[in-house]
Amino acid sequence: MAVVDINDSNFVSETDTGVTLTDFWATWCGPCRMQSPVVETVAEKMSNVKFTKMDVDENPATAQEFGIMAIPTLLVKKDGEVVERLTGFTPAHQLEAILAKHIN
């Protein structure tokens, strides 16, 4: 499944059901450029999770609402509630294990 670009206006509707992962990133962020391919790889393996990404420079309201001060930050939600928050680079095996524990 592809990673969907989302924004401040559709964040809630895109992440309010099921298990979702949102990658908060920015174009100038080196670690974000390392994280993006990992998220895309995991997205291809885990079709029961919705993967989204949000540019924090273009969408500051959501990042501010969740207190995101460093990027990349990965926010995992289950049925609209935040269940995991990962800041900094997260390797694929760790990301898969974290997501797997929220799928049932």
Side-chain angles (χ1 to χ4, degrees):
M1 177 182 277
V3 179
V4 179
D5 272 302
I6 60 173
N7 56 48
D8 285 337
S9 62
N10 68 1
F11 175 78
V12 172
S13 64
E14 291 287 340
T15 64
D16 64 349
T17 56
V19 177
T20 63
L21 177 137
T22 302
D23 177 7
F24 289 87
W25 68 287
T27 55
W28 49 264
C29 168
C32 298
R33 288 194 296 272
M34 292 170 42
Q35 186 69 68
S36 286
V38 171
V39 171
E40 290 168 12
T41 298
V42 175
E44 298 211 0
K45 295 179 181 179
M46 302 186 81
S47 60
N48 46 0
V49 176
K50 181 175 188 176
F51 291 83
T52 62
K53 64 182 180 175
M54 180 180 287
D55 184 327
V56 296
D57 289 336
E58 294 177 9
N59 302 283
T62 303
Q64 185 175 10
E65 178 183 344
F66 287 95
I68 293 170
M69 306 296 278
I71 51 175
T73 291
L74 304 177
L75 212 58
V76 180
K77 292 174 76 180
K78 184 171 184 175
D79 297 328
E81 297 296 318
V82 175
V83 292
E84 299 278 351
R85 179 189 186 108
L86 309 159
T87 302
F89 178 79
T90 304
H93 69 277
Q94 183 180 353
L95 186 54
E96 288 173 32
I98 288 167
L99 291 169
K101 72 181 184 182
H102 296 291
I103 301 166
N104 49 353

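Every value quoted in this text rests on a predicted model; they were computed, and no experiment measured them. Values below: all heavy atoms of this structure, side chains included; hydrogens, waters and symmetry mates excluded.
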Taken to the nearest 0.5 Å, the spacing of E58 CD from N7 CG works out to 9.0 Å
Output for pair (E81 CD, H102 NE2), nearest 0.5 Å, gives 12.5 Å
Residues 69-88 vs ring pair (Phe, Tyr, Trp, His ring centres under 6.0 Å), sequence neighbours excluded, gives none
K78 meets the salt bridge (Lys or Arg N to Asp or Glu O under 4.0 Å) criterion, sequence neighbours left out, with none
So, the side chain of N59 versus the backbone of D8: is there a donor-acceptor pair under 3.5 Å, distance only?
yes
task: Could you check if a side-chain atom of L99 sits within less than 4.5 angstrom of a side-chain atom of F51, using non-hydrogen atoms only?
output: yes
Closest heavy-atom pair, P37 versus R33, reported as atoms and distance to 0.1 Å, is CD-O, 3.1 Å
So the disulfide bond (SG atoms under 2.5 Å apart) pairs with at least one residue in residues 1-80 (sequence neighbours excluded) are C29-C32
Smallest heavy-atom separation, Q35 atom then G88 atom, equals OE1-O, 3.6 Å
TODO: May I ask you to decide if G18's main-chain N or O and D79's side chain share a donor-acceptor pair within less than 3.5 Å?
DONE: yes
For this session: Check whether any side-chain heavy atom of T90 sits under 4.5 Å from a side-chain heavy atom of V38, and report yes or no.
Result: no
**OP:** Check the pair V19, N48 against side chain to side chain contact (heavy atoms under 4.5 Å, CB included), reporting the backbone distance first and the verdict last.
**Re:** CA-CA 8 Å; V19 177; N48 46 0; over 6 Å; no
Is there a side-chain contact between I103 and M46, using heavy atoms and a 4.5 Å cut-off? yes
Review point. Going by heavy atoms in the side chains, are L21 and L95 under 4.5 Å from each other?
Key: yes
side-chain hydrogen bond (donor to acceptor under 3.5 Å, both in side chains) filter on S36, not counting sequence neighbours, yields none
Output for pair (D16 CG, K77 NZ), nearest 0.5 Å, gives 7.0 Å
Apply side chain to side chain contact (heavy atoms under 4.5 Å, CB included) to R85 and T73, showing your working. CA-CA 7 Å; R85 179 189 186 108; T73 291; 4.2 Å; yes
query: Looking at side-chain heavy atoms only, is the closest gap between V3 and D23 below 4.5 Å?
result: no
Exercise for the section: Using a 4.5 Å cut-off on heavy atoms from C-beta on, say whether the side chain of T27 contacts that of D55. Expected result: yes
Residues at least two apart in sequence or cross-chain that pass side-chain hydrogen bond (donor to acceptor under 3.5 Å, both in side chains) with E44, listed by chain then number, are none
To the nearest 0.5 Å, atom OG1 of T87 lies from atom CE of M69 at 11.0 Å
Review point. Cluster question for you: counting only ILVMFWY and a side-chain heavy-atom cut-off of under 4.5 Å, with indirect links fine, are V39 and V49 together?
Key: yes
Using a 4.5 Å side-chain heavy-atom cut-off and chaining through intermediate ILVMFWY residues, the residues clustered with I6 come out as V4, F11, V12, F24, W28, M54, V56, F66, I68, I71, L75, V82
